[in-house]
Amino acid sequence: MRLHRPSGRLPGGRRRPREILTVVTADHSPAPDRSSGADERPLGPDAGADLDAEWSRTVKTLAGATEICLACHIRPDADALGSMLAVLLALRARGSARVIASFGDRPFVVPRILRFLPGTELLSPPDAYPERPQVMVTFDAASADRLGLLDAYAARADELIVLDHHASNTRFGTVNLVDPAAAATAVLAFDLVARLGAEITRDIALGLYAGLVTDTGSFKYGGTSPRVHLLAARLLETGIDPGPVAYELWDRSPFAFLGLLSAVLGRAQLERAAAGGRGLVWTTVTRADRARDGLPFDVAESVIDVVRRTEEAEVAVVLKEDGDGRWQVSARSKGAVDVGRACVALGGGGHRMAAGFTAQGPATEVMAALRPQLAAGA
Ligand code: AMP
Ligand code: MN
Ligand code: MN
């Protein structure tokens with residue numbers, strides 16, 4: 001089995017930033033409460049710097065730029081794309097800079113379930129990027145390699161602003177607006193839009209809401225704080241109807257999906273002794289499963305939500321074979337096992353309860369590499 005590991009290098013040609021600002025903010029509400037710094041947790045050498053200063057550096061940089069390049073992680077989910085689209089629409093409303101928004105996939109295809117998000121028609125393929133971006137902002141990418149083709153552009157950017165909420169974030173920007181306590185990157189994107197002084201229109205709110213509702217598992221996962229609901233309320237106030245959003249994101253699929261689901265669930269395996277005796281359930285979604293009815297890769301994304309129901313298993317894993325024959329692995333835990341750490345050890349990333357990695361080779365070998373990591377994290 002081959003793992004796709006981030007290289008850990010400073011990408012080629014990258015000039016060391018003059019100054020690296022690391023921001024850890026727990027401000028998730030429209031009107032941040034700065035009376036208590038109690039939940040601000042330092043994460044890096046520059047942590048503890050005045051939050052307002054870093055936010056204003058970001059806002060000042062964006063206000064002064066004539067060209068702004070936005071990028072979210074490859075094979076974007078609703079948090080990555082929705083956050084980027086919200087900021088794209090806010091920057092376009094200001095009108096002071098040319099804005100390019102993309103992600104580094106080739107072929108460049110917006111996932112089917114995200115095509116309802118306002119602003120997707122404004123996206124450009126990665127080739128539209130300038131060789132050396134003046135200002136670049138990344139969304140929901142825990143490391144530079146998650147930018148795919150745009151990794152090299154990030155390495156050359158004069159100013160690289162990283163907006164993210166992964167604890168595993170490598171702080172690869174010149175400004176790192178990284179908050180592991182945030183339920184979604186959309187929370188930080190909301191803060192950015194608000195600080196840009198842009199009106200939170202319904203279209204902007206829709207991208208943010210899609211990110212928030214996705215990353216909180218429809219307000220079910222840990223991290224679904226009162227502040228998350230306050231933000232959701234603020235976004236819904238713009239006129240969003242949550243029903244159709246849920247329908248687009250999770251509640252529709254072609255009839256052929258039922259056949260795929262039946263095959264995929266039928267071969268699921270329960271290993272009670274795995275994950276330190278807490279139990280593991282896993283299955284695969286192969287290219288052949290999808291090819292029978294010409295189903296796109298993104299239909300495989302929802303399978304984990306069924307598999308993880310298994311009450312005998314602490315950990316659920318789905319190996320999804322992409323168009324290039326690599327396994328895009330999704331892992332979920334119920335809290336006792338840190339799947340984020342297990343996936344980071346295999347070159348991936350994510351959070352304690354939801355994480356993933358990319359690998360190549362027989363599924364049995366991928367699982368053989370994962371089992372000891374799950375046992376170690378139990
Ligand atoms: P998913 O299973 O695709 O919904 O992803 C769950 C979490 O794991 C998200 O936070 C992803 O950003 C992260 N993740 C998934 N796949 C990878 C990967 N190949 N490399 C790094 N992080 C990943
Ligand atoms: Mn994401
Ligand atoms: Mn996210």
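When a ligand or atom number is given, it counts from 1 through the structure's own listing order.
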| message | I'd like to know: is the Mn ion (ligand 2) within the 2.8 Å range of an N/O/S atom from C72, strictly under that distance? | response | no

| field | D79: its N/O/S atom lying closest to the Mn ion (ligand 3) (atom name) | value | OD2

| remark: Near H351 (heavy-atom distance under 4.0 Å), the atoms of ligand 1 are 10 (O)

| request: Give yes or no for whether the N/O distance cutoff of 3.5 Å, strictly under, is met between G349 and ligand 1. | output: yes

| task | Report yes if H73 has an N/O atom closer than 3.5 Å to an N/O atom of ligand 1; otherwise report no. | result | no

| Any chance the side chains of D215 and H351 put a donor and an acceptor closer than 3.5 Å? | no

| task | Tell me, please: is A142 in heavy-atom contact with ligand 1, that is, under 4.0 Å? | result | no

| message | So, of the N/O/S atoms that D140 has, which is the nearest one to the Mn ion (ligand 2)? | response | OD2

| Do any nitrogen or oxygen atoms of G356 come within less than 3.5 Å of a nitrogen or oxygen of ligand 1? | yes

| N, O or S atom of H166 closer to the Mn ion (ligand 3) than 2.8 Å | no

| Distance-only polar pair, side chains of E159 and T174, donor-acceptor under 3.5 Å | yes

| query | Can a non-hydrogen atom of R332 be found less than 4.0 Å from any atom of ligand 1? | reply | yes

| query | ligand 1 and H166, any nitrogen or oxygen pair closer than 3.5 angstrom? | reply | yes

| said: Considering both backbone and side-chain atoms of R146, is one of its nitrogen or oxygen atoms within less than 3.5 Å of a nitrogen or oxygen in ligand 1? | reply: yes

| query | What N, O or S atom of D215 is found closest to the Mn ion (ligand 3)? | reply | OD2

| task | Begin from the C-alpha positions of V135 and E67 and carry the test side chain to side chain contact (heavy atoms under 4.5 Å, CB included) through to its verdict. | result | CA-CA 7 Å; V135 179; E67 187 174 72; over 6 Å; no

| query | Do the side-chain N and O atoms of D203 and T201 include a donor-acceptor pair separated by under 3.5 angstrom? | reply | no

| request: Please indicate whether any nitrogen or oxygen in E301 is less than 3.5 Å from any nitrogen or oxygen in ligand 1. | output: no

| task | Using a strict 4.0 Å threshold on nitrogen-to-oxygen distance, state whether D289 and R267 make a salt bridge. | result | yes

| message | Would S330 count as being in polar contact with ligand 1, using the rule that some N or O on each side must be under 3.5 angstrom apart? | response | yes

